[in-house]
Number of protein chains: 2
Amino acid sequence: MTTTLLTKPRVVRILLIDDHPIVLAGVKALVMTDPNVEVVGEAFDGRSGLRLAAEFAPDIVVLDISLPDLNGVKVAERLRAECPNCKILALTVHEDRGYLRQLLEVGISGYLLKRSATTELSRAIAAVAAGGLYLDPAVAGMAVEVSAPRLPESTTGRAELSQREVEVLKLAASGHSNKSAAAILGIGVKSAETYKARAMEKLGFRTRVELVRFAVSEGWLKN
Amino acid sequence: MTTTLLTKPRVVRILLIDDHPIVLAGVKALVMTDPNVEVVGEAFDGRSGLRLAAEFAPDIVVLDISLPDLNGVKVAERLRAECPNCKILALTVHEDRGYLRQLLEVGISGYLLKRSATTELSRAIAAVAAGGLYLDPAVAGMAVEVSAPRLPESTTGRAELSQREVEVLKLAASGHSNKSAAAILGIGVKSAETYKARAMEKLGFRTRVELVRFAVSEGWLKN
DNA sequence: CTAGCCGTCAGGAAAACCCTGACATTTGCG
DNA sequence: CGCAAATGTCAGGGTTTTCCTGACGGCTAG
């Protein structure tokens, strides 16, 4: 079927989710400069966002990954489930491989960094609205290494961490040695080593630096 | 210049510094809704910001603390020196005692969190333009504890860390090994070990956990 | 019932870390 | 000026920790 001659100037309806009102208002002001875009809702946390998404069924959800109540990945996941027609455009400061991978697995349609030029925003929205996949130039390179190499065996599930793995990881990121973490959890050092290794492998991390970055972005180190 | 009877129609001239163009554009859109405010410059990094400040001598510099090239505190410091008439309004996501303390010592006029309501922004600008000090409600409580207790341990002049010690400590807290830190600093592993040991000893830390806690409270693990 | 994840752990090699010096500069102070 | 203290730089050697490779029983789902 051929495309219509006059592409109907159908307005793209957008829901914004960002925990920083000042940033959200700014993004809103930006996207509204495009007459084809309409902001149908704004939320400052994950739960409100999910509620508004269910209510308004927007075309695109512009989602900040760092949220106070729910992890951005969790929100994306639930959005996919509860509002399958919503496209998700992640808008974030995080340039971590881990986030990108998780979000791609969840099925987002775009990943844009806040440090990108403002023109990228409208470009990304246009691309996503058209049904495409948009990745920020700065992370596009990661996508290839991310999509190909991982997990011949995790066909069913995604990179969910088990309870023990999360516990050890938090302690490790807080500066505890495997031995110390093991003592705290009341298990053997070797077990702690195993959990940490498995978790790191699941997350695709190979160095403690990456782990600490992840921990910071997860809010694990807020004391 | 004659004084007018009505409140001064003088426009507040503002310079914006934020490394995320999308956020910066948003803030710009927000402040421009106030007719008394004029944005005279925008910069995405510290150096450009300092240059523009010298060029335009704005009334207020709205400064994001997380910058790629220079630390926000450094930028504030140099702004105070090079452009003494500029008021500085820190706009940031960081709620750390450490940052706030450092910035207050440098002599900023305002501290606003991005998670605050948009109305706070104009309020803060107005307050700062009027020569006042504005602190975000969320950090105002910290200010009192911050202004009084000036390093109880430094009574004899001891808790001062040398440059190298701080550098290695930051890297260590971020998850770098001594070896990795040494490589980054371009020194031998043994030197890095020495700095770290001396610094830990000065601070009275025995474990990495204490170090990480300290780093978090100092805001070293953000950005 | 077979496969995979989970919690638990070992052995041995490799890497990182801590402790003890060491030495040359720089800097404050009597 | 000269000396002691602080700083930047590094090595040797013993101790810990981490890393890599398995392993084994319990549970759950296909």
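In the text below, chain A, chain B and the rest are named by the order of the sequence lines, each starting its count at 1. Note that these values count all heavy atoms, side chains included, but never hydrogens, waters or copies made by symmetry.
- The closest side-chain heavy-atom distance from B:Asp59 to B:Ile14 is not below 4.5 Å.
- Between B:Glu201 atom CD and D:dT7 atom C1' the separation is 14 Å, expressed in whole Å.
- For C:dG7, the OP1/OP2 oxygens have no side-chain nitrogen or oxygen of A:Tyr195 closer than 4.0 Å.
- Side-chain contact between A:Asp18 and A:Phe44: absent, with no pair of heavy atoms (C-beta onward) separated by less than 4.5 Å.
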Every protein N/O within reach of nucleotides 24-30 of chain D N/O, cut-off under 3.5 Å:
none

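- D:dT18 atom P lies 6 Å from atom CZ of B:Arg208, rounded to whole Å.
- Looking at heavy atoms from C-beta onward, A:Tyr195 lies in side-chain contact with A:Ile187 at the 4.5 angstrom threshold.
- The side chain of B:Ser191 places no N or O atom within less than 4.0 Å of a non-bridging phosphate oxygen (OP1 or OP2) of D:dG8.
- Residue B:Arg206 contributes atom CZ, which lies 13 Å from atom C1' of C:dC17 at whole-angstrom precision.
- The separation between A:Lys179 atom NZ and C:dC9 atom P is 15 Å, rounded to whole Å.
- In the set D:dG22, C:dC17, D:dT9, the nucleotide with an atom closest to the side chain of A:Thr194 is D:dG22.
- Closest to the side chain of B:Ile187, from the set C:dC17, D:dC10, D:dT7, is D:dC10.
- In this model, the phosphate group of D:dT7 is approached by a side-chain N or O of B:Lys202 to a distance below 4.0 Å at OP1 or OP2.
- The side chain of A:Lys190 has C:dG12 as its nearest neighbour among D:dG12, C:dG12, C:dG7.
- Nucleic acid contact for A:Ser177: sugar-phosphate only, since backbone atoms but no base atoms lie under 4.0 Å from a heavy atom of the residue.
- At least one side-chain heavy atom of B:Leu91 sits less than 4.5 Å from a side-chain heavy atom of A:Ile22.
- Judged by distance alone, with hydrogens and angles left aside, A:Glu193 brings no side-chain donor or acceptor close enough to the base of C:dC9 to form a pair under 3.5 Å.
- The environment of A:Lys28 atom NZ is sparse: at most 12 non-hydrogen atoms of other residues, nucleotides or ligands sit within 6.0 angstrom.
- Rounded to an integer number of Å, the gap from B:Glu165 CD to D:dT9 P is 11 Å.
- Annotation: side chain of B:Thr92 is in contact with side chain of B:Tyr111 (closest heavy-atom distance under 4.5 Å).
- Between A:Leu112 and A:Leu89 the shortest side-chain heavy-atom distance falls below 4.5 Å.
- Rounded to whole Å, atom P of C:dG7 lies 18 Å from atom NZ of A:Lys196.
- Between the P atom of D:dT9 and the CG atom of B:Leu185 lies a distance of 9 Å, rounded to the nearest Å.
- Remark: P of D:dC20 and CG of A:Asn178 are 12 Å apart, rounded to the nearest angstrom.
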